[in-house]
Structure formats: structure tokens, C-alpha cells
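Working notes for the structure below.
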Protein chains: 2
Amino acid sequence: MESRLDYIFAALADPTRRDILVTLLEDDMAVTDVAEPFEMSLAAISKHLGILRRAGLISQEQRGRVKWCKLEPDAMRDASIWMQSFGQFEAVNLDAFEKFLSREMPLIQGRSET
Amino acid sequence: MESRLDYIFAALADPTRRDILVTLLEDDMAVTDVAEPFEMSLAAISKHLGILRRAGLISQEQRGRVKWCKLEPDAMRDASIWMQSFGQFEAVNLDAFEKFLSREMPLIQGRSET
DNA sequence: ATAATGGTCAACCAAATGGTTGAATATAAC
DNA sequence: GTTATATTCAACCATTTGGTTGACCATTAT
């Protein structure tokens, strides 16, 4: 009875994996490129990517000897919806959203206008 | 460098804890009452509640020998916002929301009109 | 005063996590 | 054909997690 939510929330609970997701916002990437900024073995990153894939948060496609990783943001939908059901807070408070973005994820500032 | 998100997502990754949160949507409750529907020792539930409290998702207040548990939905805000930043999907798709609710959380159907 | 209730603590256990290394595999390049 | 690159696999390790049980501490009830 392992819920999909189990996998998604578990995947998101690790900061390395959240960083990977943020990185992948920019573009699809090979495993090696995903791993580059982290002070951690390639094998470790490979495991993290496996967990993200199990959760459906990314997909991977083999092309030649390189495996491309692609963000699958739709997978976050169910989890996001689940959380919103507790939404005593306004559905999306854009002010808070922007403040949070600049605080936590300065790298992707440009994205806040999506 | 333990992020608040670590605790929140980790807390949400367990189905028992998500069930507890859903239960607490209904009303504040004593630990024993929270535990009642679960086939699990009181001590186990007590631990789960500790993890939810660490994440800020609930608060607890001792009154006499009874410890009351209260949902703190605001704590989900940062996590929810974080997820929305990946929102390739429309901020809140209400159709999907309702369908998801009736599928996953029939108990709180009445809430979908909040 | 004694007994029952509400809850946590401590010790323990099995399984899962997050990391490491070194070997292995497959593709690409020279 | 040999070498280098991209990635995973397997074995291992320490720590965390999710659960148990039994003792313990308060508070309430008799």
C-alpha cells in the first residue's frame, strides 16, 4: 500500500535532491553534469536520481552512453494538491512566494514571472 | 544546515503521519484519541506526533494529564510554496483538486469548498 | 491512600537511508 | 584495438526510522 505520496515526500525530504530538482529547472542534464556541483561521489548522485525517478519527479532517457535527466514537475501535482487541502492559507500568496524565492532559491530568480 | 523543509517533507513522507494530520483537520485531540484508530502502540503514535511537532505541523499543549494536539497548517506554507515554484501546472486546478480529494480523502469531502 | 488513566522514556530490533569505495558494463574516441 | 568516458552495481558502513515492550511519572478518580 505504498502511496505515491510516500515516494514524493520522501524524495523531497533530502536537500541534495531538492537542489538537484532546482538545478534541473534550468535544463535537461546528463548525470555527470547533475553531479558536478556536489561534493559527493557520482554513485551517490546516481542513487539520488534513482529515488527522484522512483517518485516520478524526474525521467531519464539513455542516449548513447549518456543518460539525460529531465524534470517532471507534474509529479508534484498530487503532493501539492494534498498540501493545499490543508490550506488555511490563501491558495497562492504571491508576495510570500516571491520573498521565499529570493531567500531560498536565488539561482532561479528569473523564473518567478512564469 | 537542517532546513525546515527537511523536517516538513520527512514528516509528510509517512502515511500514518499524513493520516494523523487528516484526522486533526476535524478537531483538536488528545494523544490517546489520535492513536485510537491506529493498530499501533501508543508509544509509536507518540513518536509520530513528536516528528510532526518537530516539523511544526502540529502543536501540543498539556492540560492536566491530557496533551492536546492541534493542527498547524501554516507550517505547510513554505513547503507548499516551494513546490509551487515547480508549478508547470496551473496554480490550483480545482477540477483536479476535487477529483483528488474524493479519491484520496473521502473523510473530509466537505472541506473542498473552503 | 490506592488505583486507574494519559503519556513519555529507554532499551531494543529490523529495515531503510545516505554515503563510501572498487569492480563492471557499455559506448565513444583515438 | 586500446583507451577514456558515462554510469551503474555490489559490498560495506554508520545513522536514522518505525516499530515493539516494560518501566516510569503525573494527574485524576474512587
Side-chain angles (χ1 to χ4, degrees), chain A residues 1-24 27-71 79, chain B residues 1-24 27-71 79:
Chain A
M1 271 280 284
E2 298 261 314
S3 162
R4 174 155 209 72
L5 289 178
D6 288 17
Y7 291 133
I8 295 181
F9 284 129
L12 294 177
D14 184 277
T16 300
R17 288 192 292 264
R18 289 198 307 274
D19 280 352
I20 290 176
L21 291 177
V22 170
T23 302
L24 286 177
D27 210 351
D28 299 1
M29 267 181 221
V31 173
T32 309
D33 296 330
V34 171
E36 198 269 329
F38 297 95
E39 294 180 336
M40 186 182 305
S41 71
L42 191 59
I45 296 294
S46 180
K47 277 193 192 177
H48 280 304
L49 289 170
I51 290 171
L52 289 170
R53 182 158 32 81
R54 181 182 69 172
L57 291 165
I58 66 167
S59 59
Q60 295 182 298
E61 185 196 350
Q62 192 86 37
R63 272 208 302 271
R65 70 180 159 181
V66 23
K67 187 177 251 174
W68 292 88
C69 306
K70 180 175 173 354
L71 188 62
Chain B
M1 270 280 284
E2 298 260 315
S3 163
R4 172 156 210 73
L5 289 177
D6 287 18
Y7 290 134
I8 295 181
F9 283 129
L12 294 176
D14 184 275
T16 300
R17 288 192 292 264
R18 287 198 308 274
D19 281 352
I20 291 177
L21 291 177
V22 170
T23 302
L24 286 176
D27 209 353
D28 298 1
M29 266 182 221
V31 173
T32 309
D33 297 328
V34 171
E36 198 269 328
F38 297 95
E39 293 181 336
M40 188 182 303
S41 71
L42 188 59
I45 296 294
S46 180
K47 278 193 193 178
H48 280 304
L49 289 170
I51 290 171
L52 289 170
R53 182 159 30 82
R54 182 183 69 173
L57 291 164
I58 67 166
S59 59
Q60 295 183 297
E61 185 197 351
Q62 191 86 38
R63 275 210 299 272
R65 70 179 160 181
V66 166
K67 186 177 252 174
W68 292 89
C69 306
K70 180 174 172 357
L71 187 62

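Just so we're clear, the structure is a prediction, and the values are computed from it rather than from any experiment. In what follows, every chain begins at residue 1, and chains take the letters A, B, ... in the order their sequences are listed.
Distance CG (B/D6) to C1' (C/dT17): 13 Å, rounded to an integer number of Å. Atom C1' of nucleotide C/dT20 and atom CZ of A/F38 are separated by 18 Å, given to the nearest angstrom. Separating the CH2 atom of A/W68 from the C1' atom of D/dT7 is a distance of 14 Å, rounded to the nearest angstrom. Rounding to whole angstrom units, CZ of residue B/R54 and C1' of D/dT17 are separated by 10 Å. Rounded to an integer number of Å, the gap from B/H48 NE2 to D/dT16 P is 18 Å. Note: CE (A/M40) to P (C/dT21) measures 12 Å, nearest angstrom. Following rounding to the nearest Å, B/E61 (CD) and C/dG6 (P) show an atom-to-atom distance of 18 Å. Across the protein-nucleic acid pair, B/F9 atom CZ and D/dT16 atom P stand 21 Å apart, rounded to whole Å.
Remark: A/I20 CD1 to A/L71 CG distance equals 11.5 Å, nearest 0.5 Å. Atoms NZ and CG, on B/K70 and B/L57 in that order, are 12.5 Å from each other to the nearest 0.5 Å. Atom-to-atom distance recorded for A/D6:CG and A/R54:CZ is 9.0 Å, nearest 0.5 angstrom.
In this structure B/E61 satisfies the side chain to side chain donor-acceptor pair (under 3.5 Å) test together with B/R63, sequence neighbours excluded. Here B/A10 pairs with A/A13 under the side chain to side chain contact (heavy atoms under 4.5 Å, CB included) rule; sequence neighbours left out. Taking the side chain to side chain donor-acceptor pair (under 3.5 Å) definition, one finds that B/R53 meets it with B/Q60, sequence neighbours left out.
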Can you give me the N/O atom pairs linking the protein to nucleotides 28-30 of chain C at distances under 3.5 Å, or say none if there are none?
unit_1, atom_1, unit_2, atom_2, d
C/dA28, O4', A/R65, NE, 3.4
C/dA28, O4', A/R65, NH1, 3.4

Check nucleotides 9-13 of chain D for protein N or O atoms closer than 3.5 Å to its own N or O atoms and list the pairs.
none

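Residues B/R18 and B/L12 approach most closely at NH1-O, 2.8 Å, considering heavy atoms. Between A/A79 and A/L5, the closest heavy-atom pair is CA-CD2, 3.5 Å.
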Under 3.5 Å, which donor-acceptor pairs do the side chains of residues 36-52 of chain B form with other protein atoms, sequence neighbours left out?
unit_1, atom_1, unit_2, atom_2, d
B/S41, OG, B/A44, N, 3.1
B/H48, ND1, B/R17, NH1, 3.1

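Mapping A/S46 and B/E39 onto DNA chain D by nearest heavy atom places A/S46 closer to the 5' end of the strand. Comparing B/R53 and A/S41 against DNA chain C, the residue whose closest nucleotide sits nearer the 5' end is B/R53.
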Handout entry: Watson-Crick or G-U pairs under 3.5 Å in DNA chain C, rendered as dot-bracket with [ ] for crossing pairs and | for another strand
Key = ||||||||||||||||||||||||||||||
Exercise for the section: Take B/C69 and B/D28 through the test side-chain contact (heavy atoms from CB on, under 4.5 Å) and record every step on the way to the result. Expected result: CA-CA 6 Å; B/C69 306; B/D28 298 1; over 6 Å; no
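In this structure, B/I58 and B/L21 have side chains that are in contact, with non-hydrogen atoms separated by less than 4.5 Å.
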